[in-house]
Number of protein chains: 2
Amino acid sequence: MSSPQPDTRNRILKAALELLEGNPHKETRMSDIAKRAGISRQAVYLHFTNRADLLIAATVYLDEITEVDAQLAQSRSAKTGPERLDAFIEAWGAHIPRIYGVAQALLAMKDTDEAAGLAWNNRMQAVRHGCAAAVAALERDHLLAADHSAKQATDILWTLLSVRNWEQLTGDCDWSQTDYIEQIKALARRVLLTAPPNG
Amino acid sequence: MSSPQPDTRNRILKAALELLEGNPHKETRMSDIAKRAGISRQAVYLHFTNRADLLIAATVYLDEITEVDAQLAQSRSAKTGPERLDAFIEAWGAHIPRIYGVAQALLAMKDTDEAAGLAWNNRMQAVRHGCAAAVAALERDHLLAADHSAKQATDILWTLLSVRNWEQLTGDCDWSQTDYIEQIKALARRVLLTAPPNG
DNA sequence: ATGTCAATTGACATGATGTCAAGTGCGTGC
DNA sequence: GCACGCACTTGACATCATGTCAATTGACAT
């Protein structure tokens, strides 16, 4: 563990994440990242072929160190459908602020860089699966509101939980993170459940 | 009215809108717009100082020719709160696909160009006012769900009606435009109204 | 004729990405 | 000790879009 050399790659990823989290709305350039990582701009290209490549790697790296998948999977342990729904919203909702910086950067490239778009869609499909699983749990408990098919319910939940919505609510609308979680949970129950949940 | 010269400006705007509507996800360059308008790239700068400037003007132009404000204002004529809510969602929901191309372009600049961001926020504030008015109408009729303050209800409705959500539902989720309108209306009623609306 | 004004052409600066070539410094194997 | 590979550096360069500037053209108006 005497750090031979290739932790540079990780240094770059960390630098990128720090910058992106620092000010998600400012364009973070390759040279900024390099500077922060303490290497030359060109050296970054020894580790990543692209800006997109780097950003994607950063997302993966972030997912790894925050263990999202584990967090999200944990919501599977909930007994009832509604509990599972809540657990999923809490897990994902708590994760959004952590990934927001990178997400923002990746989303900005989506239209110009195909690979970035695919990578982002991949991540979002994972979230969608979580939504679908929560909906399935509701359906199993015969608690899914009759006016939606499972697909529709999944679409709605998935859309509700989008990063952009989080951005708008916590940003433009000044909601706190806890407000966000609570409100979205209430909203989801209200929209997806067939009976009044707790009142 | 023998068209002295300055319909060029409008030609540019039309060209920009056509290109943006044609393929909203491809970057539309100044030279593309110029070519389509039948003038030189540099000539565009005789009419607009910026790409942002042009895009903003295009939004305004589009708003004018589609008469959104009139459409949205029309929802004021609805008698009951719920009718007003429906009318507003229909009007705005029908408008989104028309503005989607430009909106996309403007949103993409939001982070790099301050003026573009402001212009977009302005438009969105107008929508927000519509949301607030609909919520106020519900409140007046004592039909606003007790679990939300007027502000929260407005925030939710406004977020629900975002261009990004429309994009996700009609794009990624393959909803038809009519599905979109109907589902969102149902959703909004379910979330905002205090009593079951029609069943 | 003359002036104005829209538009044209061509050249150029800027700023970011990405590539390439030559060089430096360090550790390892022989 | 020496040579080699390897990560990295420096500097130059291509590309591409935006935006600017200067000189020119062509039409229309007085």
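Quantities reported herein were computed from a predicted structural model and do not represent experimental measurements. Every chain is numbered from 1 and lettered A, B, ... according to where its sequence line falls, protein lines coming before strand lines.
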Separation of A:Leu55 atom CG from C:dT17 atom P, in whole Å? 11 Å

To the nearest Å, how far apart are B:Arg9 CZ and C:dC5 C1'? 17 Å

Euclidean distance, atom CG of residue A:Asp53 to atom P of C:dT17 [Å, nearest integer]: 14 Å

Expressed in angstrom and rounded to an integer, what is the separation of A:Asp7 atom CG from D:dA7 atom P? 12 Å

Are more than 12 heavy atoms from other residues, nucleotides or ligands located less than 6.0 Å from atom NE2 of B:His25? yes

Between D:dC16 atom C1' and B:Arg51 atom CZ, what is the distance in whole Å? 13 Å

Please round to the nearest 0.5 Å and tell me the distance separating atom CD of A:Gln74 and atom CZ of A:Phe88. 13.0 Å

Starting from the C-alpha separation in whole Å, work towards a yes-or-no answer on salt bridge (charged side-chain N to carboxylate O under 4.0 Å, His left out) for A:Asp69 and A:Arg123. CA-CA 10 Å; A:Asp69 297 309; A:Arg123 285 313 291 142; 3.7 Å; yes

At less than 4.0 Å, is any side-chain N or O atom of A:Asn50 found next to OP1 or OP2 of C:dT17? Yes or no. no

Checking the side chain of A:His148 only, and the main-chain atoms of A:Val191 only, is there a donor and an acceptor separated by less than 3.5 Å? yes

In whole angstroms, how far is the C1' atom of C:dA7 from the CZ atom of B:Arg11? 11 Å

Side chain of A:Arg11, backbone of A:Ala37: donor and acceptor closer than 3.5 Å? yes

Does A:Arg29 come within less than 4.0 Å of A:Asp32, counting only side-chain N to carboxylate O? yes

Give the residues of residues 21-30 of chain B touching DNA chain C, defined as any heavy atom closer than 4.0 Å, sorted by residue number. none

Have a look at B:Leu46 and say if it touches a base, only the backbone sugar-phosphate, or nothing, with a 4.0 Å heavy-atom cut-off. base

I'd like to know if the side chain of A:Gln177 and the backbone of A:Gly93 have a donor-acceptor N/O pair within less than 3.5 Å. yes

Distance in angstrom units between A:Ile39 CD1 and D:dA7 P, rounded: 13 Å

So, is A:His47 close to the D:dA7 phosphate, meaning a side-chain N or O under 4.0 Å from OP1 or OP2? no

Short side-chain N/O contact to D:dC8 OP1/OP2 from A:Thr8, under 4.0 Å: yes

Looking at the base of C:dG18, is there any donor atom on it, or on the side chain of A:Arg41, that sits under 3.5 Å from an acceptor on the other one? yes

Considering Watson-Crick and G-U wobble pairs with both distances under 3.5 Å, what does D:dA7 pair with? C:dT24

Is the CD atom of B:Glu18 crowded by more than 12 outside heavy atoms at less than 6.0 Å? yes

Flag if over 12 foreign heavy atoms under 6.0 Å of NZ, B:Lys151: yes

Worked check of salt bridge (charged side-chain N to carboxylate O under 4.0 Å, His left out) between B:Arg189 and B:Asp86: CA-CA 8 Å; B:Arg189 278 171 175 254; B:Asp86 277 5; 3.0 Å; yes

Side chain of A:Gln42, base of D:dG11: donor and acceptor closer than 3.5 Å? yes

For A:Ile12 and D:dA7, what is the distance between atoms CD1 and C1' respectively, to the nearest whole Å? 11 Å

Among residues 100-123 of chain B, which contact DNA chain C at a heavy-atom distance under 4.0 Å? none

